[in-house]
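These notes concern the structure reproduced below.
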Amino acid sequence: KDEFDFPEFWKLVSILQVAISHAEEDTLHLLDGDDEDDDDGHNHAHVKTYEDVDDDDREEKIEMSVFHRQQSSVRAVHTLRHLGNQVNIIECFTSIISHFEHHGASTDHHSAHEMEEEEGAILMFLRIMCGVLTPHHGRARNMHRITELLNRLNMPDMILFLLSVDHRETVEMSARLANLMLQSTPLQLEFDAVKHKGYDEQLFSQATFHRSFRGPFGRRALHAIQRRVHHHLDMLKKREHEDALHRLKRNQDNEDLDNNVIIEILRFIEHLVSGAYADMQHFLRHQEGDRVDILTLLNDLAVAYHSLMQPKMRHGFQVQEMQREEAIFEVEMDLRRECNDIMTLVHLYRSLAKLLSGPNKENQDSLLDQMAHEHVLLFLTYMEYTKSLSRDGGADIPMIFTIDIIREVAKHAILKWAVVFDVEVHRHHHEVSYSQHQRSLIVLQRRHIRALESCNELLVELDTIDEDCENSILTMLFALLEGRREGDHAFDMVAQSLYPTSAYGELADTDVMMNNLQKHYAAGAYDFSANVAHVDDGEAHFSDAEVAYQYYI
C-alpha cells in the first residue's frame, strides 16, 4: 500500500514485545495453574489453587513475579527511548490513523483478512502498553516515565481515533490505556500549583488529552462515545421487553463485551475530569458547532437503567428447575448480567460525581433541570432495602426483589444443583475447589464445574459492589448539592425525591434512606475488621461503615 506501510507498525509492536516478553512469560509461567484430569472420568477443577506448593514457595513466586513486572516496565521505558533509531514512532502513529481514514470503510483494496491482521497488531500494541502501565508495587516511577513518553509521542491522538473504530476490543483496550495513562500522572490541579517552577505540561495526561479533544480527533471521539452509549441504550430497551426464550438464548459473552466497552468509556470520562478539572468538565457538556452533551448522555443511561430495574425488582431471580444439568449455565449468565448492571451504575454515578465536583454550578444546574436525582431512590432501594408482605398463616414473601434477596435465592439454587449432581466442596486455606463424587450416575463435564466456580465468584463480587454502587450514588448527590447556600431550591428538589411524602410508586418506600443507614451502621459495628476500604485491581471498594457515613452526610 502506497499510503501506508503497515509492517512498520508491526515492527514497532515486535520490538516492544521482544523487549518485555521474557519477563511477562516468566510471570505467566510462575502463576499458571492447570486443571487436572482424573482417570475415573470425573472432572475436577481448581480456582487458582496451589495445593501442591507450600507457603514459602508461593511467597517466593509472588516476589519473583513482581520483580519480573518491574523489569518489564524498565525495559519498555528503555525501548521507547531508543526506538527512534529504528522506527519513526510519531510518523507511525500518524500513518496508522491516515490508513484507517482511507481504508477503514472500503472493501475494494482492503480484505477482511488484512483488516483482521491490522486489528491484531493494534490490539497487541495496546495490550503491551496496558500491561506495563498496570499498577504494581514499586512501579509508579516507571509508569510515570512511560506515560510521559506516550504523551510526547501523540498517543492521546491515536487513542481518540481508535475509540471511533468498529472493533469493540480495540475500543475497550484504547479506553483502558487512556485510563492507565490518566492515572499514571498527577492531576491537572497539581500542575497548576507548580507550573511556575517550569514543569512541562506534557507530564500531565489530563492536559494532553484535553488538547487532543480540541484537535481534529476530538469531535470524532465524542460522536463515537455517543454512538456507543446509544447502542447500549438500545440493548437495555430490548432487555426491558425480553421474553423467557430470548433471555435463555442470549449471547452473554457478546453482552459482556458491550458492557465492558461502556464501563471503560465511563472510567475514561471519570479520569478526564478528576480533581475538578473545570476546562474538561465544561468541554464534555458543551462544544462549539455540532455538540455532544456527555452529561445528558449519562443521564439518559441512568433513565434507561431506572426503567430496566423496575421489572427486575418485581420478578427477581428467574432460573427454575435446578435438577437440569444446564441450569448452572443459566444461573451463571444471570449473575454475570447482574454484576454488569451494578458495575455500570457504579461507574456511571462516579463519572457524574466527577463532572459535578468543584463545584461546577453549570453542570449541577444542567442535571437538576433533567431531574437526574429522581432516579436514585429506586437504585438505593434495589441495593439494600428489604420489604416483605406476610401471607395468611404462611411465610413472609418479598414484595420487591432487592440484590440481597436475589443473591440469597441464587445461592440456594446453586447449592440445590450441587446436591442433585453430587458435587463436593474442598477447602484449602482461602482456596476452594470442587469435584463430583464417584457415585454420581450423571457425569458432569468440566465446563459445568467451571460454571459452578464462576457462580460462586460472582456471588462474592455482588456482595462487594452493591456497597460501591450506593457509595457512588450518594457521592453524586453530594456533588449535586455541593457549594449551594441555605434556601437553595435544589435542596427541596433532592429531599422530595429521597423522602417522598407518599410511597414512591410500587417499588420504593418512604423510609429507604433511614433503613439503609441503619442496616449499614449495624453491619459496620458488627464487623469492625471490614470497616476499612480496600483496593482490588485498581478499584476502591467501600465498607458498610463508610457507606453508612455517606448516608449520614
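Just so you know, these numbers come straight off a predicted model, no measurement behind them.
- Under 4.0 Å is where a charged nitrogen must lie from a carboxylate oxygen, and between Arg247 and Asp334 at least one such pair does.
- Under the 3.5 Å distance criterion, the side-chain polar atoms of Trp417 are left unmatched by any main-chain donor or acceptor of Val423.
- Annotation: side chain of Phe213 is in contact with side chain of Leu272 (closest heavy-atom distance under 4.5 Å).
- Rounded to the nearest 0.5 angstrom, Ile269 CD1 and Leu182 CG are separated by 12.0 Å.
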key: Verdict with supporting geometry, Gln496 and Asp492, side chain to side chain donor-acceptor pair (under 3.5 Å)   = CA-CA 6 Å; Gln496 188 174 358; Asp492 293 331; over 6 Å; no
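- Listed for the Glu408 side chain is no donor-acceptor partner under 3.5 Å among the backbone atoms of Asp404.
- Salt bridge Glu169/Arg127: present, at least one basic N to carboxylate O contact under 4.0 Å.
- At a cut-off of 3.5 Å, with distance as the only test, a side-chain donor of Asn360 or Gln281 sits close to an acceptor on the other residue.
- At least one side-chain heavy atom of Ser212 sits less than 4.5 Å from a side-chain heavy atom of Leu160.
- His271 and Phe209 have their aromatic ring centers separated by at least 6.0 angstrom.
- Closest approach of Leu162 to Val165, counting heavy atoms only: O-CG2, 3.1 Å.
- For the atom pair His232 NE2 and Arg228 CZ, the distance stands at 12.0 Å (nearest 0.5 Å).
- Contact annotation: the side chain of Glu374 approaches that of Met371 to within less than 4.5 Å [non-hydrogen atoms, C-beta and beyond].
- Looking at heavy atoms from C-beta onward, Phe317 lies in side-chain contact with Val331 at the 4.5 angstrom threshold.
- To the nearest 0.5 angstrom, Leu335 atom CG is 8.0 Å from Ser454 atom OG.
- Between Leu295 and Leu352, the closest side-chain pair of non-hydrogen atoms falls below 4.5 Å.
- Counted by atom type alone, Ser274 and Glu270 present zero donor-acceptor pairs between their side chains at under 3.5 Å.
- In terms of heavy-atom proximity, Ala548 sits nearest to Tyr521 at CB-N, 3.7 Å.
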inquiry  = Would Glu470 and His520 count as a side chain to side chain donor-acceptor pair (under 3.5 Å) here? Give the steps.
reply    = CA-CA 11 Å; Glu470 287 177 271; His520 284 295; 2.9 Å; yes
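- Here the closest non-hydrogen pair linking Phe401 and Gly316 is CG-CA, 3.4 Å.
- Side-chain atoms of Gln518 and Tyr551 form no donor-acceptor pair, as typed in the model, at a separation below 3.5 Å.
- Rounding to the nearest 0.5 Å gives a distance of 12.0 Å between CG of Asp511 and CG of Leu517.
- Ser174 and Ile159 get closest at one heavy-atom pair: O-CG2, 3.6 Å.
- Side-chain N/O atoms of Asp243 and His246 include a donor and acceptor closer than 3.5 Å.
- Taking the ring centroids of Phe329 and His448, they lie under the 6.0 Å cut-off.
- Side-chain atoms of Asn456 come within 3.5 Å of backbone N or O of Leu452 as a donor-acceptor pair.
- Checked by atom type, the side-chain pair Arg336/Asn259 shows no donor-acceptor distance below 3.5 Å.
- Side-chain atoms of His541 and Asp468 form a donor-acceptor pair, as typed in the model, at a separation below 3.5 Å.
- Partners of Phe478 according to the side chain to side chain contact (heavy atoms under 4.5 Å, CB included) rule, which considers only residues two or more places apart in sequence or in another chain, are Ile553.
- Taken to the nearest 0.5 Å, the CD1 atom of Ile225 stands 13.0 Å off from the CZ atom of Arg220.
- Side chains of Lys312 and Arg239 form a contact here, defined as non-hydrogen atoms less than 4.5 Å apart.
- Side-chain atoms of Arg324 come within 3.5 Å of backbone N or O of Glu321 as a donor-acceptor pair.
- To the nearest 0.5 angstrom, Ser307 atom OG is 5.0 Å from Glu240 atom CD.
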query = Does the side-chain contact (heavy atoms from CB on, under 4.5 Å) test come out yes or no for Arg337 and Met333, once each step is laid out?
reply = CA-CA 6 Å; Arg337 176 178 270 185; Met333 284 201 304; over 6 Å; no
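- Scanning both residues, Val376 and Ala372, for their nearest heavy atoms gives CG1-O, 4.2 Å.
- Under a 3.5 Å cut-off, the side chain of Gln287 and the backbone N or O of Val292 do form a donor-acceptor pair.
- With hydrogens and angles left out, the side-chain atoms of Thr147 and Thr185 include no donor and acceptor closer than 3.5 Å.
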Stepwise side-chain contact (heavy atoms from CB on, under 4.5 Å) check, Leu150 with Leu133 = CA-CA 11 Å; Leu150 293 176; Leu133 286 178; 4.1 Å; yes
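- The backbone N or O of Asn151 lies less than 3.5 Å from no partner atom in the side chain of Thr208, so there is not a single donor-acceptor pair.
- Scanning for side chain to side chain donor-acceptor pair (under 3.5 Å) contacts around Lys238 gives an empty result, with sequence neighbours left out.
- Ser366 places no side-chain N or O within 3.5 Å of a backbone atom of Glu362 that could act as its donor or acceptor partner.
- Side-chain polar atoms of Asn251 and Glu255 form no donor-acceptor pair below 3.5 angstrom.
- Of the possible donor and acceptor atoms, one in the side chain of Gln364 sits under 3.5 Å from a partner among the backbone N and O of Glu482.
- Test Arg350, Lys354, Gln550 against Thr475 for side-chain hydrogen bond (donor to acceptor under 3.5 Å, both in side chains) and you get one pass: Gln550.
- The neighbour count for Tyr552 OH, taken as heavy atoms of other residues, nucleotides or ligands under 6.0 Å away, does not exceed 12.
- With Gln206 contributing its side chain and Gln188 its backbone, the two residues share a donor-acceptor pair below 3.5 Å.
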inquiry  = Walk me through whether Asp300 and Thr296 qualify under side-chain contact (heavy atoms from CB on, under 4.5 Å).
reply    = CA-CA 6 Å; Asp300 291 343; Thr296 298; 4.0 Å; yes
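- Across Leu458 and Glu332, no two heavy atoms sit closer than the pair CD1-O, 3.9 Å.
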inquiry  = Applying side-chain contact (heavy atoms from CB on, under 4.5 Å) to Leu177 and Met155, what does each step give before you reach the verdict?
reply    = CA-CA 10 Å; Leu177 178 57; Met155 177 56 77; 4.3 Å; yes
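- Side-chain contact check for Gln183 versus Arg267: some heavy-atom pair is nearer than 4.5 Å.
- In this structure, His231 contributes its side chain and Arg227 its backbone to no donor-acceptor pair below 3.5 Å.
- Between the side chains of Tyr382 and Asp466, no donor-acceptor pair is found at a separation under 3.5 Å.
- Side-chain contact between Ile262 and Leu266 is present, with heavy atoms from C-beta onward closer than 4.5 Å.
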